[in-house]
Each structure stands twice: as structure tokens, then as C-alpha cells.
Amino acid sequence: MTLQAPLLDGSQKTFLASYLDSLSMLERLHRLLLDVIKDDFERLNILEINPVQALLLFNVAENEVTAGELKSRGYYQGSNVSYNLKKLVDLGYMHHQRSEIDRRSVRVRLTEKGRRVRSQMHELFARHSEAIVRRALIGIEDIETVNSSLKRMERFWTEQIRYIY
């Protein structure tokens, strides 16, 4: 038995085309963000970590978290987060400690070295924010609309994973 795609009317076809464009754009934007971080770090001579690891440091911030918490927040995939956390610990950007309550669980937090990289990331994003506003590329209402739409898509996709419709 083969599954057939439902027949789409004109407005559904238009929406599908726009949806597919959005998916491609999200993918391209993520790759571009990683390239922007890589470029900035090369200028700063921060060469021992990659952009994904830098984003991980940025997202951990001042929190103490487990790899499972980072995965459940949807930031990283399973083996990816474990590998990157181990690498960041080995390089001295993160400190790890076994949980007193659950000895199987390891909690991580940024070291001073990790906080310096996080600060560099924050400065990069602040420069971007200032440039976008200065050049009037995106207004506050626009960015809030984009964020609101993306949050609704996130909820929809989460429902698709958790529930069969």
C-alpha cells in the first residue's frame, strides 16, 4: 500500500510552496549563523572550538545543566551534545561534576574561560542587533512577529513528535 499525497487546492499549494521556502531559509540561516560565528572567532584567534560549541557555551550561560537538559530544550542532538560537552570540558571551557543526588548524571557549568567566550558571543550578537536597528533592516514589531510565528511552528512540530494526528 502506498501513501498518496492529498490533492491540494490553489491556496494550499501556495501555502505549501511558502512553507518549503521557510524550511530552506531556516536551514540556510542556521548554516550562515555558524559561518558568521566562525569568521568572528577566526578574527579573535579563537580557534580551538567550533561554532556549535560556542553556541553551546552561549546557551548554557550562567546555568548549571545536564546534557539531558540541553537535549530536552531542543538545542542539540544526542551524541552531538555529549561529544561537544566532553570536548569543552577537556579544553577547559566547562567544569563538570557528578550530581550528588543521581550519580549517573553529570552537571556542567562554564569556567572563566567559557564565560569569556560567552561574552564574545554576546558582544557579536549585540553588534548585530545594533547594526540591524541602525540600518533599519528589521523593526521591533517585525522581529516580534517572526519570533511569535517561529514559536507557533516550534509548538506544531513538537506536537507532531509527541502525538499522532
Side-chain angles (χ1 to χ4, degrees), residues 1-41 49-88 93-94 105-110 114-115 117-165:
M1 178 162 109
T2 51
L3 293 175
Q4 264 187 322
L7 296 176
L8 301 178
D9 67 20
S11 65
Q12 290 170 318
K13 286 180 183 177
T14 301
F15 185 85
L16 175 60
S18 293
Y19 177 65
L20 295 174
D21 284 345
S22 294
L23 296 179
S24 285
M25 181 62 66
L26 286 170
E27 207 174 349
R28 284 193 312 272
L29 285 171
H30 178 68
R31 282 194 307 271
L32 274 171
L33 174 62
L34 295 178
D35 287 345
V36 165
I37 294 167
K38 181 179 182 287
D39 186 57
D40 195 62
F41 275 31
I49 63 172
N50 66 42
V52 171
Q53 292 163 343
L55 279 172
L56 200 151
L57 293 172
F58 184 78
N59 287 321
V60 168
E62 295 303 317
N63 302 310
E64 185 174 289
V65 298
T66 65
E69 289 168 330
L70 287 170
K71 286 185 282 188
S72 69
R73 291 181 194 172
Y75 292 133
Y76 308 94
Q77 296 301 314
S79 61
N80 185 18
V81 72
S82 299
Y83 167 81
N84 284 315
L85 285 176
K86 181 180 181 338
K87 185 86 169 162
L88 290 167
Y93 291 94
M94 297 190 101
S105 176
V106 175
R107 301 196 65 76
V108 294
R109 69 180 185 281
L110 301 185
R115 283 192 291 281
V117 169
R118 189 197 187 280
S119 177
Q120 292 293 333
M121 293 282 293
H122 188 271
E123 288 174 23
L124 171 66
F125 295 149
R127 284 193 315 271
H128 289 173
S129 174
E130 291 167 12
I132 290 167
V133 170
R134 186 176 54 253
R135 294 170 59 188
L137 296 174
I138 303 172
I140 186 68
E141 297 85 13
D142 295 328
I143 197 77
E144 287 176 350
T145 299
V146 167
N147 288 341
S148 177
S149 297
L150 290 173
K151 286 175 186 172
R152 288 193 306 274
M153 284 304 303
E154 179 182 29
R155 278 193 302 272
F156 173 76
W157 286 345
T158 300
E159 289 170 3
Q160 301 312 297
I161 295 167
R162 292 192 180 139
Y163 310 107
I164 302 214
Y165 54 95

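Computed from heavy atoms alone, side chains included, the values below leave out hydrogens, waters and symmetry copies.
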>> Run the side chain to side chain contact (heavy atoms under 4.5 Å, CB included) test against Leu29 and tell me which residues pass, sequence neighbours left out.
In response: Met25
> Going by the ring-ring contact (aromatic ring centres under 6.0 Å, His included) test, which pairs reach into residues 117-154, not counting sequence neighbours?
Replying inline: Phe58-Phe125
>> Within this structure, what is the CD-CD distance for the pair Glu159 and Glu154, rounded to the nearest 0.5 Å?
In response: 11.0 Å
>> Taking side chain to side chain contact (heavy atoms under 4.5 Å, CB included) as the definition, give me every residue that meets it alongside Lys86, ordered by chain and number, with sequence neighbours left out.
In response: Asp90
> Who passes side chain to side chain donor-acceptor pair (under 3.5 Å) against Lys87, sequence neighbours left out?
Replying inline: none
>> Going by side chain to side chain donor-acceptor pair (under 3.5 Å), name the residues that satisfy it together with Ser11, two or more places apart in sequence or in a different chain.
In response: Asp9
>> Does anything in residues 120-146 form a salt bridge (charged side-chain N to carboxylate O under 4.0 Å, His left out)? List the pairs, not counting sequence neighbours.
In response: Asp40-Arg127
Under 3.5 Å, which donor-acceptor pairs link side chains of residues 146-153 to any protein atom two or more places apart or in another chain?
unit_1	atom_1	unit_2	atom_2	d
Asn147	ND2	Ile143	O	3.4
Ser148	OG	Arg152	NH1	2.8
Ser149	OG	Thr145	O	3.1
Ser149	OG	Arg152	NH2	3.3

> For the side chain of Asn63 and the backbone of Val60, is there at least one donor-acceptor N/O pair under 3.5 Å apart?
Replying inline: yes
> Can you list the residues that meet the side chain to side chain donor-acceptor pair (under 3.5 Å) rule with Lys13, with sequence neighbours excluded?
Replying inline: none
> Does anything in residues 132-155 pair up under ring-ring contact (aromatic ring centres under 6.0 Å, His included), and if so which pairs, sequence neighbours excluded?
Replying inline: none
> For residues 24-36, which residue pairs qualify under salt bridge (charged side-chain N to carboxylate O under 4.0 Å, His left out), counting only residues two or more places apart or in two chains?
Replying inline: Glu27-Arg31
>> Suppose we screen for side chain to side chain donor-acceptor pair (under 3.5 Å). Which residues come up paired with Asn50, at least two apart in sequence or across chains?
In response: none
>> For Arg107, give me all partners under salt bridge (charged side-chain N to carboxylate O under 4.0 Å, His left out), at least two apart in sequence or on another chain.
In response: Glu64, Glu69
